[in-house]
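The structure under discussion appears below in the form of structure tokens.
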Amino acid sequence: MLDNLKRYNIVLASNSPRRRDLLAGLGIEFEVRVLPGIDESYPDNLPAHEIPLYIAAEKAEANRKVMRQGDLVITADTVVVCDGKALGKPADAAEARAMLELLSGKTHQVVTGVCLMSPERQRTFAVTTDVTFKELTADETEYYIQTYRPYDKAGAYGIQEWIGYIGVTGISGSFFNVMGLPVQRVYSELLLF
């Protein structure tokens, strides 16, 4: 499968261990190459659902200057959107608590933007998954924050962790997208590269 990729050196430009595991699940060889200090800011007027696509493209552009002939760079960014508000990674326990309280008892969207870029081509796309949480108790929220310290996760949660087991009542779309990389769509796009 994906024999068309043999001419490329696949580069995952991400620090995320979840993205590494998910991409590895496709059975392709790749290396991780991360540039420090990439600017992840975005225009204030950008709609929440467009933020991850914008940031994924910006990450790809930052990698363009260190790209070697034969590289195919994969960048991604994930944002949780609830009530029209974009939730990135929480800075501390108070911010994580506020995010989880906002998500409690509601359906929200997880949007991951992905950019695939070689020296000759570029493809960008976004995948959206709807996730519904039950009403979380204060004790459940506090236990999760203290035990799992979800400061590296958009929306302050990992669906594959305890909070997903006890809190998620419904999901529509890609489960793996919620983890940070819509691998089915990545696979489909790589077939066309």
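Model, not experiment: these values are computed from the prediction.
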Between [X] and [Y], what is the shortest heavy-atom contact and its length?
X      : Y      : result
Leu53  : Ala126 : CD1-N, 4.1 Å
Val34  : Ala13  : CG2-C, 4.5 Å
Leu103 : Cys82  : CD2-CB, 3.7 Å
Thr124 : Cys115 : CG2-SG, 3.4 Å
Ala76  : Ala56  : CA-CB, 4.1 Å
Ala96  : Pro90  : N-CB, 3.6 Å

Residue pairs fulfilling ring-ring contact (aromatic ring centres under 6.0 Å, His included) with at least one residue in residues 102-138, sequence neighbours excluded:
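Residue pairs passing ring-ring contact (aromatic ring centres under 6.0 Å, His included), neighbours aside: His108-Phe133, His108-Tyr157, Phe133-Tyr157.
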Which ring-ring contact (aromatic ring centres under 6.0 Å, His included) pairs, counting each pair once, include a residue from residues 65-94, with sequence neighbours left out?
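Applying ring-ring contact (aromatic ring centres under 6.0 Å, His included) to every pair that reaches into residues 65-94, excluding sequence neighbours, yields nothing.
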Run the numbers on Tyr187 and Val183 for side-chain contact (heavy atoms from CB on, under 4.5 Å), then give the verdict.
CA-CA 6 Å; Tyr187 174 80; Val183 285; over 6 Å; no
Calculate, to the nearest 0.5 Å, the distance between atoms [atom1] and [atom2] belonging to [X] and [Y] respectively.
X      : Y      : atom1 : atom2 : answer
Leu190 : Asn4   : CG    : CG    : 7.5 Å
Leu12  : Leu181 : CG    : CG    : 7.5 Å
Thr78  : Lys153 : OG1   : NZ    : 12.0 Å
Leu5   : Glu29  : CG    : CD    : 11.5 Å
Ile159 : Glu161 : CD1   : CD    : 11.0 Å
Glu135 : Lys106 : CD    : NZ    : 9.0 Å

Any carboxylate oxygen within less than 4.0 angstrom of a Lys/Arg side-chain nitrogen, looking at Glu101 and Arg97?
no
In the single-linkage hydrophobic clustering (I, L, V, M, F, W, Y; side-chain heavy atoms under 4.5 Å), do [X] and [Y] co-cluster?
X      : Y      : result
Val168 : Met99  : yes
Val11  : Ile28  : no
Val178 : Trp162 : yes
Leu23  : Leu35  : no
Ile10  : Leu192 : no

Aromatic Phe193 / basic Arg123 pairing, under 6.0 angstrom, 45° off normal:
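No; the conditions do not both hold, so Arg123 does not lie above the ring face of Phe193.
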Hey, does [Y] have a side-chain heavy atom less than 4.5 Å from the side chain of [X]?
X      : Y      : answer
Ile38  : Asn63  : yes
Gln184 : Ser174 : no
Val127 : Val114 : no
Val73  : Tyr8   : no
Lys134 : Ile166 : yes
Leu100 : Tyr144 : yes

With sequence neighbours excluded, tell me which residues meet side-chain hydrogen bond (donor to acceptor under 3.5 Å, both in side chains) with [X].
X      : answer
Thr75  : none
Asp92  : none
Thr129 : Asn177
Thr137 : Glu140

Taking only residues two or more places apart in sequence or in another chain, which ones pass salt bridge (charged side-chain N to carboxylate O under 4.0 Å, His left out) with Glu61?
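Here the qualifying residues are Arg64.
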Non-neighbouring partners of Asp130 that pass salt bridge (charged side-chain N to carboxylate O under 4.0 Å, His left out), sequence neighbours left out:
none
Verdict with reasoning, Val131 to Phe175, per side-chain contact (heavy atoms from CB on, under 4.5 Å)
CA-CA 9 Å; Val131 180; Phe175 174 83; over 6 Å; no
Under the rule for side chain to side chain contact (heavy atoms under 4.5 Å, CB included), what residues qualify as partners of Ser16, not counting sequence neighbours?
Ser14, Arg18, Arg19
Listed by chain and number, what are the side chain to side chain contact (heavy atoms under 4.5 Å, CB included) partners of Gln69, not counting sequence neighbours?
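Pro119, Glu120.
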Test log, rule side-chain contact (heavy atoms from CB on, under 4.5 Å), inputs Glu58 and Glu40:
CA-CA 8 Å; Glu58 290 293 301; Glu40 293 191 23; over 6 Å; no
Under 3.5 Å, side chain of Asp83 to main-chain N/O of Lys85, donor-acceptor pair present?
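Side chain of Asp83 to backbone of Lys85, a donor-acceptor pair under 3.5 Å: no, none is there.
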Please check: side-chain N/O of Arg20 versus main-chain N/O of Asn15, any donor-acceptor pairing under 3.5 Å?
yes
Listed once per pair and sorted, the salt bridge (charged side-chain N to carboxylate O under 4.0 Å, His left out) pairs that draw on residues 68-78, sequence neighbours left out:
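As it turns out, the salt bridge (charged side-chain N to carboxylate O under 4.0 Å, His left out) pairs with a partner in residues 68-78, which skip direct neighbours, are Arg33-Asp71, Lys59-Asp77.
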Tell me who clusters with Tyr42, hydrophobic residues only, linked when side chains sit under 4.5 Å apart either directly or through other members.
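Grouped by the 4.5 Å side-chain rule, Leu46, Ile51, Tyr54, Ile55, Val79, Val81, Val111 form the rest of the cluster around Tyr42.
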